[in-house]
Trainee: 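I'd like to ask some things about the structure below.
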Amino acid sequence: MGRVKPRDLGADEEVTQYGSADQPFRNAPRFAEGEADLSVILGRLTAEQAGDVVRYGALGGGRDRARHSLVAVLRLAGFTVTHTPSRMNACHASVTFHGDWNSQVCDDFDDCFE
């Protein structure tokens, strides 16, 4: 089976951000570690489903959580959402912001999610 090719995302597509119960959801890339984006998963997944994707099926001990948004909501807030499939996650997408990712942008990102 070949690698999944990136595709254009529709405005009405849902995305899921995975988080662990012992940490706040990430709302900015870890720039000091070389990151330039935040990861989301295409589709509306439960916390358990999102954990399975992120941990590649390893057990999570019930500490998973998830939050959801629409591609359109993120775009309206100024973010770019791009399908960036990987060998391990065909439904991976990246969220970027072109500009200074400051505390207001962090708040705006958080506000995009339910």
Trainee: Taking the side chain as everything from C-beta on, heavy atoms only, tell me whether Phe109 gets closer than 4.5 Å to Leu74.
Mentor: yes
Trainee: Heavy atoms only: give me the nearest Pro85-Lys5 pair and the separation to one decimal.
Mentor: CG-C, 4.1 Å
Trainee: Minimum heavy-atom separation for Gln17 and Arg26, please, with both atom names.
Mentor: NE2-O, 2.8 Å
Trainee: Could you tell me whether a side-chain N or O of Ser94 sits under 3.5 Å from a main-chain N or O of Asp37, the two making a donor and an acceptor?
Mentor: no
Trainee: What distance separates Arg44 CZ from Glu114 CD, expressed to the nearest 0.5 Å?
Mentor: 4.0 Å
Trainee: Could you work out, with side chain to side chain donor-acceptor pair (under 3.5 Å) as the rule, every residue matching Arg87, not counting sequence neighbours?
Mentor: none
Trainee: Take atom CD of Glu35 as the centre, draw a 6.0 Å sphere, and report whether it contains more than 12 heavy atoms from other residues, nucleotides or ligands.
Mentor: yes
Trainee: If you count heavy atoms of other groups shown closer than 6.0 angstrom to CG of Asp8, is the number above 12?
Mentor: no
Trainee: Which pair of non-hydrogen atoms, one from Arg65 and one from Gln23, has the smallest distance, and what is that distance?
Mentor: NH2-O, 2.5 Å
Trainee: What closest approach, in Å, do Val81 and Ala93 show between heavy atoms, and which atom pair accounts for it?
Mentor: CG1-CB, 4.4 Å
Trainee: Once rounded to the nearest 0.5 Å, what's the spacing between atom CZ of Arg67 and atom OG1 of Thr16?
Mentor: 11.5 Å
Trainee: Would the distance check show the side chain of His83 and the main-chain N or O of Ala90 forming a donor-acceptor pair, the cut-off being under 3.5 Å?
Mentor: yes
Trainee: Any chain of hydrophobic side-chain contacts (each under 4.5 Å) joining Phe25 to Val40?
Mentor: no
Trainee: Checking side chain to side chain contact (heavy atoms under 4.5 Å, CB included) for the pair Phe113/Val73: CA distance, chi angles, key distance, verdict?
Mentor: CA-CA 9 Å; Phe113 288 85; Val73 172; over 6 Å; no
Trainee: Are Asp64 and Asp52 close enough, and set up right, to give a side chain to side chain contact (heavy atoms under 4.5 Å, CB included), and what steps lead you there?
Mentor: CA-CA 9 Å; Asp64 300 320; Asp52 287 345; 5.6 Å; no
Trainee: About how many Å separate SG of Cys106 and CG of Asp111, when rounded to the nearest 0.5 Å?
Mentor: 11.0 Å
Trainee: Could you measure the distance from the CG atom of Asp107 to the CG atom of Asn27? Nearest 0.5 Å is fine.
Mentor: 7.0 Å
Trainee: How many angstroms lie between NE2 in His98 and CZ in Phe79, if you round to the nearest 0.5 Å?
Mentor: 11.0 Å
Trainee: Identify whether Tyr18 and Val53 are in the same connected component of the hydrophobic contact network (ILVMFWY, side-chain heavy atoms under 4.5 Å).
Mentor: yes
Trainee: Atom NE2 of His68 and atom CG of Leu45: how far apart are they, to the nearest 0.5 Å?
Mentor: 6.5 Å
Trainee: Could you tell me how the ring of Phe97 sits relative to the ring of Trp101: parallel (under 30°), tilted (30 to 60°) or perpendicular (over 60°)?
Mentor: perpendicular
Trainee: How far apart are the closest heavy atoms of Leu38 and Pro29, and which atoms are they?
Mentor: CD2-N, 3.8 Å
Trainee: Please report the shortest heavy-atom distance between Asp100 and Val105, naming the atom on each side.
Mentor: O-CG2, 3.5 Å
Trainee: Main chain of Cys112, side chain of Ser69: is a donor-acceptor contact present, judged purely on distance under 3.5 Å?
Mentor: yes
Trainee: Go through it in stages, so that I can follow the logic: the residues are Arg7 and Leu42, the test is side chain to side chain contact (heavy atoms under 4.5 Å, CB included), and I'd like the CA-CA distance, side-chain angles, deciding distance and then a yes or no.
Mentor: CA-CA 11 Å; Arg7 63 176 179 80; Leu42 299 180; 3.7 Å; yes
